[in-house]
Amino acid sequence: MPFYSPLVQEHLRNPRNVGEMPGADAIGVDENPICGDVTWLWVKIQGDLIARVTFKTRGCPAAVATSSACTEMVTGMPLATARRLTAANLAQAVGGLPPAKVHCSVLAIGALHKALAAYERARHPGS
Amino acid sequence: MDKVIYMDHSATTPVDPRVLEAMLPYFTQSFGNPSSLYTLAQDAAKAVDEARDKVAKALNCRSSEVVFTSGGTESDNTALRGAAFALQHAGNHIITSAIEHHAVLHACEWLEKRGFEVTYLPVDRDGRVDPKDVAQAITGKTILVSIMYVNNEIGAVQPIVEVSRIVKERAQAEGRNIVMHTDAVQAAGWLDLDVKKLGVDMLSLSAHKFYGPKGVGVLYVKRHTPFEAQGLGGSQERNRRAGTENVPGIVGTGVALALAEERRPSAVAHCARLRDRLIEGLLSIPGTRLNGHRTQRLANNVNVSFEGVEAESVLLNLDFAGVCASSGSACSSASLEPSHVLVGIGLAPHIAQGSLRLSLGPENTDEEVDRVLSLLPGIVAKLRAMSPVGEPTR
């Protein structure tokens, strides 16, 4: 069993949906102040669905792979479903993470939830 | 995949075929316990003696001063605990550096919990301890000084000769004993291990760092050094390390160290040239920082940081291309903390996260250096394109 699952390796080799998104509806930023890893996530919403997601991450393979997997997973997903996603869902989506690397999956999910919250705030100012 | 390019010799080395050949008879033929009296066992005892002689020759010490252990970690642990407890009637102060291997640092922390006081000396930006700091740190209660010969992450060679002289002069002037230990695990095969020139009382080695087997270490303990054995049991290793000897491993260690000494001049010249080519090539990648001194470093060590890039992602991309290297970052441990060595030389945590260590061996070639230098700019560029910089925009 390699340290990183084949899926983690595949996402690092070919990360999906990398880059900024002009015209995004919201941006979520999450970072780990201790190790310095950062994830930015751009989301485009259509109705109640997430239409498109892109990301940028500076971090270890686990952080990059869970970011990449997150963008794949939530594209086309209803907002209500995406809000319930957890770091464990992302870890599972990349074939599991080594115990010491589980904390790295919180960046992508944190950035996603922050982006969705920012979108809600923009839609309902003052609420 | 292309042939694997191995540039992680500071992590471990393959067993030299000549070493393996020397070891094999002691698994199945001359398998006796060296403590037994019959001829079969005495063959094993003789082989252990011969290995001890070979190690003693490399260290320029007496064979009786060589203790075989289970590795570098046991050697370091035993050296620190063994000397500290043997001298606890005389004092409780220990001096070490902030960039030691964890086998020394964690032993120091363990001793701190048991009433000892430890001074962790800082290093300069190149990772070197200043002997003057050692002189200033010595108090009337100092009983032990442990400074590594060369740092495993950035290859910074420490001024052991000067430190030993300061320690010994001070101890002599005050008519007491201060034990001087050095962790030389990364030095074997690269630097002079002559303990008389170094002036040390104790020195640790690990066989698998010099083409010997894993699971065998050496602790040199100078005659009359205050030392309390840690493992308790039989009288092996002159009562300094109980337990039946790892005969094949010890035989392999003797042969490996003799071979390492034999090829040391050519290995140093060859690897230093490849090292300098690597450093020059890597520094041409924008945003690259060399960690440690440009020339005052071990002949086989390269350690660089790439701004805006995390090291493990570089490593895995190198692995995709068949290159084995290592990161200076300890993020794969649960601690999340960046390397204490890189923080020790003043790097910000996010720069320390980007550090890559390439450690060479005599079998590395110019073609392999070319290949690594052709791969890394693309890997760094790919990861930087993925890396957030400044403020997010949309």
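The shown structure was predicted, so the numbers you read here are calculated from the model rather than taken from an experiment. By convention in this document, chain letters (A, B, ...) are assigned in the order of the sequence lines, proteins followed by strands, and residues within each chain are numbered from 1.
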Visitor: Relative to chain A, which segment of B:A348 carries a heavy atom at a distance below 4.5 Å: side chain, backbone, both, or neither?
Guide: neither
Visitor: Output yes when B:D8 and B:R357 qualify as a salt bridge under the 4.0 Å nitrogen-oxygen rule, no when they do not.
Guide: yes
Visitor: Can you find a pair of side-chain heavy atoms, one from A:L79 and one from A:I50, that are under 4.5 Å apart?
Guide: yes
Visitor: Indicate yes or no for a side-chain donor-acceptor contact from B:R297 to the backbone of B:H293 under 3.5 Å, with no hydrogens or angles considered.
Guide: yes
Visitor: Highest number of heavy-atom pairs under 4.5 Å with chain B: which of A:T39, A:V102, A:L12, A:V29?
Guide: A:L12
Visitor: Select one option (side chain, backbone, both, neither) describing which atoms of A:V38 are under 4.5 Å from chain B's heavy atoms.
Guide: both
Visitor: Between the side chain of B:N300 and the main-chain N/O of B:R275, is any donor-acceptor distance below 3.5 Å?
Guide: no
Visitor: Which region of B:V314, side chain (C-beta onward) or backbone (N, CA, C, O), has a non-hydrogen atom less than 4.5 Å from a non-hydrogen atom of chain A, or is it both or neither?
Guide: neither
Visitor: Between A:R83 and A:E120, is there a salt bridge with N-O shorter than 4.0 Å?
Guide: yes
Visitor: So for A:P15, is it side chain, backbone, both, or neither that comes closer than 4.5 Å to the heavy atoms of chain B?
Guide: side chain
